[in-house]
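Structure, as structure tokens:
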4 protein chains.
Amino acid sequence: MTAPKDHNSRSRNGNADDRLRLLVERIERMEEEKKGLGDDIKDVYNEAKAVGYDAKMLRQIVRLRKMQPADRREMEATLEVYKAALGID
Amino acid sequence: MTAPKDHNSRSRNGNADDRLRLLVERIERMEEEKKGLGDDIKDVYNEAKAVGYDAKMLRQIVRLRKMQPADRREMEATLEVYKAALGID
Amino acid sequence: MTAPKDHNSRSRNGNADDRLRLLVERIERMEEEKKGLGDDIKDVYNEAKAVGYDAKMLRQIVRLRKMQPADRREMEATLEVYKAALGID
Amino acid sequence: MTAPKDHNSRSRNGNADDRLRLLVERIERMEEEKKGLGDDIKDVYNEAKAVGYDAKMLRQIVRLRKMQPADRREMEATLEVYKAALGID
DNA sequence: ATTGCGGTTTTTGCCC
DNA sequence: GGGCAAAAACCGCAAT
């Protein structure tokens, strides 16, 4: 089924339409907020640039800090893989 | 210049350090919020799917509503032209 | 079991090593080829753009042609329903 | 402009249509090849699995080998960034 | 100014 | 069906 059915013909599907519209509007509101946050972040980068920092490098730092835990685990896991692959237990 | 210079040797560059750290932390906080919002949006799509909507088409709708009507119609028209040329439909 | 065992201790697991290395290298070679093809495809899109076509709509067309006609029509129909419900067009 | 114009009405736009069709078909051929390569790669993973290797781990190894040079450079660059940000020349 | 390009994010398809 | 890897769209920058 593609969409909820509305068997009350008197409503001219107003109920289903409203349900859809509500969902879409909730999403749009959140996406706006999300976009606002994205803009704020961009502002901070510009502010940083304005006081002499290199935005690209800042992004690199942020990315690196984010990646550290995940990456360390991945490296560890892969190390285990190598050992296993080479038959060292 | 890559970073602000701090000519007061007594500070041992603590000021520059703090400035950088502060910027990075502000960004990280905002990115976290942004990620949370993204997760919330995904939840709404799942909720929509749970009541019978096609999430992929929903995304398409949200995209269409973001566009200017004129642009949207132009896109749609172009697509129709190409479809006709290739015998689609 | 994670990897094939090599019980011939004299080989110092050279066989397992080589087997792994060989597999990885085969994969890497194929992935390179695959990437080359991807670049070629991009070139064609650029060429199309250069003679006046809208690359994004072209991609859409290619996607549509890949689908089963029945599926394509179903998608299109669903989208129309949603558009109508939200008063688009 | 969205598509090349064909002012020769006698041709019923056959020329423009053919041009489009040709482009699309070239793309489709290449995408098929690309897909074939993707399938071949998948086969190798399955073959590896069949002789006891863990495909997921193999993928990790391949990814790691691909990332190594880029990642090392990124780390180096970021190190420089840190130094610069802290005013150490 | 315009357009190609690198990188970031979003979407899609896949395997478990 | 939910998470993960590949593809596509989007954006700002740079270079011409």
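Proteins get letters first, then strands, A, B, ... in listed order; numbering begins at 1 in each.
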Check: Counting any heavy atom closer than 4.0 Å, what does A/K66 reach on the DNA or RNA strands: base, sugar-phosphate only, or nothing?
Finding: nothing
Notebook entry, point to check: Can you tell me how far P of F/dC10 sits from NZ of A/K35, to the nearest Å?
Noted result: 13 Å
Note to self: How many whole angstroms separate atom CE of C/M67 from atom P of E/dG13?
What the structure shows: 8 Å
Notebook entry, point to check: Between A/R59 and B/Q60, which is nearer to the 5' end of DNA chain E once each is assigned its nearest nucleotide?
Noted result: A/R59
Next item on the list: Rounded off to whole Å, could you give me the CG-to-P distance for the A/L58 and E/dG7 pair?
Entry: 17 Å
Next item on the list: Please answer: with hydrophobic residues joined when any side-chain heavy atoms are less than 4.5 Å apart, are D/M30 and D/L20 in the same cluster?
Entry: yes
Next item on the list: Quickly work out the B/N46 CG to E/dT11 P distance and round it to whole Å.
Entry: 14 Å
Next item on the list: Please test A/Y45 against A/V62 for side-chain contact (heavy atoms from CB on, under 4.5 Å), starting from the C-alpha separation and ending with a verdict.
Entry: CA-CA 11 Å; A/Y45 278 113; A/V62 170; 3.8 Å; yes
Next item on the list: Report the distance from atom CD of D/E31 to atom C1' of F/dA8, rounded to the nearest whole Å.
Entry: 11 Å
Checklist line | Atom-pair distance (CD1 on D/I41; C1' on E/dG13), nearest Å | finding: 16 Å
Checklist line | Nucleotide E/dC15, atom P - distance to CE of D/M57 in whole Å | finding: 17 Å
Next item on the list: Mark yes when over 12 heavy atoms from residues, nucleotides or ligands other than A/R72 sit less than 6.0 Å from its CZ; otherwise mark no.
Entry: yes
Check: Using a cut-off of less than 4.0 Å, is there contact between a side-chain N or O of C/R63 and OP1 or OP2 of E/dT12?
Finding: no
Note to self: In whole Å, I'd like the distance from the CG atom of C/D39 to the C1' atom of F/dA6.
What the structure shows: 15 Å
Notebook entry, point to check: Among F/dG12, E/dT11, F/dA9, which is the nearest nucleotide to the side chain of A/K42?
Noted result: F/dG12
Notebook entry, point to check: Under 4.0 angstrom, heavy atoms only, what part of the nucleic acid is C/K34 near: base, sugar-phosphate, or nothing?
Noted result: sugar-phosphate
Note to self: Nearest to the B/K56 side chain among F/dC13, E/dT12, F/dA8, which nucleotide is it?
What the structure shows: E/dT12
Margin query: Looking at A/M75, I want to see if its CE is surrounded by more than 12 non-hydrogen atoms of other residues, nucleotides or ligands under 6.0 Å.
Written below: no
